[in-house]
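Residues: numbered from 1 along the sequence shown.
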Amino acid sequence: MSVPTTAFGELPSVKAMGTGRAGIVVGFDTEFTTVGGARVVDSYQLAVPDPLDPSVMVEVVILPPLGSGARISLHTALWTVAAAAELWRSPLVPSGVGPRGVPRSVFWTDDWEERREALAKLRVPLVLACHYGAADLTTFRSGGHSRELDPLVRLTSAAGGLVTLLPFRSQRGNENGHWWQSLSVTVRDTMSQAPAGKKTLAALGEACGVAKLDVPDGWISRMTDYRREHLAEFLEYGVNDAVIVVEYLARLWGDGTVPPITLSGGAAAALVNSGSAYLGASTPAEFRRLFAGLVDEDEGVEAVEEGDRLSFYAKRGRNPLDGAAAQLSSAFARAYHGGLNSCPMPGYYPVPTVDIDAQNAYPTAMALVRDIDWEAGAIEEVVHERALSVDDVPTATTPFVGFVSFTFPTNVLHPCLPIVADGTLIYPRTSEGVAGTWVCGPELWLALTLGAEVHCQIGYLGRERQHDGGPSFSLRHGVKQLIDDRNTAKTLFGKGSLEEQTLKTGVNSIYGKTAQDVAEQRSWDARAQEMDNVGGSAVSSPYHAATTTSLVRAQLLATMNQLSENGRDVYSVTTDGFITDATVDEVAALDLYGLEEVLGDARVALTGDPSIWETKHAQSDLVNFTTRGNVSLDLGGVCAHNGLKAPKDIVPDSIEDRELLLASVVSREGRVPNGYTRFPSFQELSRKEDRKDFLPSRIERSVSMDYDLKRQPVRSSMTPEMVPLPDGSVEEMATFATQPWERVEDCLRARQIARDMAETGCLRTVSEWHDWNVKYTHGKGRRISTPQRAVLMSIVMAHRQGVTTIPTLADRSLSIAERLDWLGEWGLGTVSRGDWDNARRPERASQMLPIDTLDPYLGRMTSMSSGKHPTDADRLPY
């Protein structure tokens with residue numbers, strides 16, 4: 001290398017991403033053979049730098065009896081390498097620890113807990129590092145031996161790997177109990193440490209200068225035989241993988257350094273570091289207070305009832321700073337939605353099209369998010385029961401959030417206020433039929449700019465924090481630091497280098513860390529043996545996350561509307577890009593109703609270049625079948641499979657891949673058969689009851705490739721286009737434009753009809769779409785079979801969603817059961833505790849009846865003070 005690796009570690013972002021803590025890093029890998037539906041472990045291989053001379057790598061291979069199926073414990077493996085490498089000589093190991101551990105007399109007391117703690121201080125601290133730990137960490141013996149450690153229940157699945165959040169202890173005495181060995185074990189997985197696209201062990205080896213070895217053809221599935229017949233080559237092959245892991249982590253973080261848990265977690269730490277400097281915070285706790293309005297559980301006022309606390313902070317033992325912070329954070333959490341994904345023009349288009357991406361869409365949007373002044377009172381203004389105007393949301397970056405109902409003009413092809421329904425985002429022309437939806441400032445600004453009538457039931461304008469006489473942009477500061485360091489790494493180490501790609505991953509992962517558990521995410525807690533919320537990251541913030549993703553959606557929706565005004569088509573849109581028949585120059589010339597200038601300013605602040613678009617793909621033909629599903633036969637063109645898995649022997653994006661996808665979609669007569677091989681989930685691998693080994697299983701399934709009807713087909717535009725197939729034949733594909741649904745209820749009914757038809761056929765030809773249209777046009781709409789129940793649940797949702805306040809339901813001196821009993825007194829039915837808990841979930845807003853249909857009951861409930869009970873006069877017939 002022309003540049004010392006230490007230059008990477010000296011970059012400010014990398015310093016902050018890394019832990020900086022010294023550690024003994026042990027690379028680990030296994031070889032195994034599957035025989036008769038069971039794994040036979042052929043070897044455990046470990047590699048660790050010599051503690052006194054790191055230029056020497058100590059390599060250890062442990063061989064179970066050939067073909068026996070025997071397994072060893074984690075402790076045995078780690079102490080074997082500790083003894084072979086004489087790790088007690090490390091300065092990180094307390095004096096008194098030797099090859100046999102420590103004598104019992106050094107730490108023994110009659111109190112079990114006291115001696116356990118005393119022995120823990122005499123530990124050998126190890127970082128066990130592997131690549132794709134689900135395969136290797138599951139080879140250790142667990143259970144069946146007295147007090148034998150079960151390492152799998154100490155692990156967590158993160159970013160594609162298995163890791164520990166905190167070190168765990170492994171302590172064991174010898175046969176007579178005179179000598180004891182104590183280990184402290186931290187687990188890291190290079191799957192969580194590698195940039196996207198460079199996650200193979202071969203790619204990691206190339207990055208750190210240790211080439212991955214190969215085995216001759218045919219042996220890889222018969223490693224037991226390979227060991228028997230070619231032992232020397234077997235040993236070299238196996239231990240080399242363990243060496244790659246050690247050298248790769250050393251290249252990233254430095255020799256003998258504990259890696260961060262994941263790259264994205266390291267990026268969050270870097271943001272805390274840079275954000276603290278920007279905001280003047282001296283501790284991470286102070287940063288959380290200034291950035292997200294969060295304090296530790298025992299600080300501040302008890303602003304949120306236990307059952308209403310958002311999981312992202314409750315899981316981490318935190319609370320909002322005060323009532324205003326709680327209200328604002330809760331509203332933005334409800335307004336947090338995913339990316340914009342849609343297929344506005346399904347069909348076959350043998351014309352030139354281009355796939356255009358918003359450059360670094362999420363980092364750019366993050367750079368526009370203004371900080372809230374949580375300490376000064378986070379809410380500047382409350383809007384209640386009135387129409388919104390551009391004065392309420394004057395810019396796309398105004399920190400506003402509201403629960404709104406709306407109607408767009410009929411000439412707006414792409415309405416921009418989303419309603420969460422059927423597990424996705426629907427953009428109808430009106431909110432008729434539902435109470436409304438929670439939306440952030442960027443999309444509200446765009447809706448008002450497009451001429452929509454927007455009524456706000458309840459809304460909040462955030463109080464902006466000031467910095468050096470202007471708005472505070474802590475996210476912009478943090479993202480820019482990462483981008484600057486990435487550019488430095490590109491100069492020092494080259495474009496596409498490990499160092500540059502690592503920081504690119506850091507930049508791109510920041511948004512995900514601000515959004516972590518904002519929309520509640522659950523994962524398997526192996527120690528507790530149950531599903532639980534993952535909890536927020538160091539930078540989780542509903543306000544920053546919801547506003548960022550709203551800005552990205554607003555950018556795309558503004559572009560789509562302006563292109564349609566200019567007579568151009570948009571065929572597909574996916575998260576941060578779209579396919580169009582416009583050129584990138586035409587797209588760059590759009591002002592996006594004023595948003596282009598704002599985005600350009602952010603790009604200048606981050607990179608010095610105002611450009612906001614870049615070309616990703618170009619093609620001369622396009623088969624566009626559904627959201628995230630399109631393909632061109634041009635190499636370099638789009639190739640998105642909509643979940644259809646290609647056979648293992650087909651190279652992604654190759655001509656074979658494209659031809660197979662096209663033929664599967666265009667010639668289908670129903671769901672496309674698409675079985676695949678899967679490995680057990682982390683839950684299946686680590687549960688105590690009915691635990692599975694790391695063995696593949698075959699999943700047989702079929703996948704619908706039908707258009708998903710997020711938008712309404714324009715029947716008059718539908719034509720039967722004939723698509724040429726690779727074998728020279730042609731097949732019909734209905735090709736048509738779409739328009740927004742009038743109401744979300746229409747969309748849901750249309751999607752259900754399509755799902756029912758997919759049970760026996762598909763929607764590919766004009767004739768099949770005609771059959772669907774007959775069912776849709778002449779079928780019955782939604783009927784509320786129990787109107788009282790629908791009214792009751794809508795009232796509960798309105799209260800739990802923060803759209804209105806019912807005094808009795810808000811009275812925290814009453815138990816939840818007492819409040820539910822009070823609801824039952826109104827004669828509309830009963831509400832269970834599960835109904836109460838689920839009513840606050842963001843997706844329930846789309847199931848809420850319009851507010852004005854809930855009277856007279858809602859009006860009587862909101863006007864009745866707590867402690868009062870309804871009488872016969874209140875229980876009017878509905």
Spell out, as yes or no, whether a donor-acceptor pair under 3.5 Å connects the side chain of [X] to the backbone of [Y].
X: Asp189; Y: Gly161; result: no
X: Arg463; Y: Ala378; result: no
X: Thr491; Y: Asn487; result: yes
X: Ser157; Y: Leu162; result: no
X: Asp532; Y: Asp525; result: no
X: Gln359; Y: Trp613; result: yes
X: Thr164; Y: Val187; result: yes
X: Arg288; Y: Arg318; result: no
X: Asn240; Y: Ala211; result: yes
X: Thr547; Y: His544; result: no

(message) Can you tell me how the ring of His467 sits relative to the ring of Tyr278, calling it parallel under 30°, perpendicular over 60° and tilted otherwise?
(response)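 His467 vs Tyr278 ring planes: parallel.
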
(request) Classify the ring geometry between Phe493 and Phe8 as parallel (under 30°), tilted (30 to 60°) or perpendicular (over 60°). (result)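 Ring orientation of Phe493 relative to Phe8: perpendicular.
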
If we count only N and O atoms by modelled type, under 3.5 Å, do the side chains of [X] and [Y] hold a donor and an acceptor together?
X: Arg628; Y: Thr574; value: no
X: Thr502; Y: Thr505; value: no
X: His477; Y: Ser274; value: no
X: Trp524; Y: Ser686; value: yes

Supply the atom-to-atom distance [X] [atom1] to [Y] [atom2], rounded to the nearest 0.5 angstrom.
X: Asp29; Y: Leu46; atom1: CG; atom2: CG; result: 9.0 Å
X: Gln501; Y: Asn508; atom1: CD; atom2: CG; result: 9.5 Å
X: Leu294; Y: Ser329; atom1: CG; atom2: OG; result: 6.5 Å
X: Leu475; Y: Leu271; atom1: CG; atom2: CG; result: 5.5 Å
X: Thr19; Y: Trp253; atom1: OG1; atom2: CH2; result: 9.0 Å
X: Glu464; Y: Arg370; atom1: CD; atom2: CZ; result: 4.5 Å

What is the minimum heavy-atom distance between [X] and [Y], and which atoms define it?
X: Ile261; Y: Gln193; result: O-NE2, 3.3 Å
X: Ser264; Y: Lys513; result: O-CG, 3.6 Å
X: Ser541; Y: Phe291; result: CB-CE2, 3.8 Å
X: Leu482; Y: Ala270; result: CD2-CB, 4.5 Å
X: Val369; Y: Leu551; result: CG2-CD1, 4.4 Å
X: Leu249; Y: Ala129; result: CD1-CB, 3.5 Å

Is the shortest heavy-atom distance from the side chain of [X] to the side chain of [Y] under 4.5 Å?
X: Arg188; Y: Thr186; answer: yes
X: Leu592; Y: Ile612; answer: yes
X: Lys212; Y: Asp241; answer: yes
X: Leu503; Y: Met17; answer: yes
X: Tyr313; Y: Asn319; answer: yes
X: Leu74; Y: Phe28; answer: no
X: Ser184; Y: Pro167; answer: yes
X: Arg465; Y: Ser474; answer: no

(request) Could you walk me through whether Ser540 and Gln516 pass side chain to side chain donor-acceptor pair (under 3.5 Å), step by step? (result) CA-CA 6 Å; Ser540 285; Gln516 183 171 309; 5.4 Å; no

(message) A quick test of your reading: do over 12 heavy atoms of other residues, nucleotides or ligands sit less than 6.0 Å from CD of Glu206?
(response) no

(message) More than 12 heavy atoms of other residues, nucleotides or ligands under 6.0 Å from CD of Glu597: yes or no?
(response) no

(message) So that I can tick it off, tell me whether Arg251 and Glu499 are bridged by a salt bridge, with the cut-off set at under 4.0 angstrom between side-chain N and carboxylate O.
(response) yes

(message) side chain to side chain contact (heavy atoms under 4.5 Å, CB included), that's the test. Do Asn360 and Arg603 meet it? Break it down for me.
(response) CA-CA 9 Å; Asn360 298 115; Arg603 296 298 300 160; 3.5 Å; yes

(request) Take Val552 and Tyr362, measure what side chain to side chain contact (heavy atoms under 4.5 Å, CB included) needs, and give me the verdict at the end. (result) CA-CA 7 Å; Val552 175; Tyr362 284 90; 3.9 Å; yes

(request) Step by step, work out the salt bridge (charged side-chain N to carboxylate O under 4.0 Å, His left out) result for Arg289 and Glu286. (result) CA-CA 5 Å; Arg289 183 187 188 99; Glu286 188 177 0; over 6 Å; no

(message) Could you go through Asp609 and Thr607, starting from their C-alpha distance and side-chain angles, then the distance that decides it, and tell me whether this counts as side chain to side chain donor-acceptor pair (under 3.5 Å)?
(response) CA-CA 5 Å; Asp609 183 347; Thr607 68; 5.6 Å; no

(message) Would Asp355 and Phe578 count as a side chain to side chain contact (heavy atoms under 4.5 Å, CB included) here? Give the steps.
(response) CA-CA 6 Å; Asp355 190 356; Phe578 56 94; 5.7 Å; no

(message) For Glu443 and Arg553: C-alpha separation, side-chain torsions, deciding distance, then whether salt bridge (charged side-chain N to carboxylate O under 4.0 Å, His left out) applies.
(response) CA-CA 8 Å; Glu443 284 160 304; Arg553 291 194 301 269; 2.8 Å; yes

(request) Begin from the C-alpha positions of Val14 and Asp485 and carry the test side chain to side chain contact (heavy atoms under 4.5 Å, CB included) through to its verdict. (result) CA-CA 8 Å; Val14 179; Asp485 287 346; 5.7 Å; no

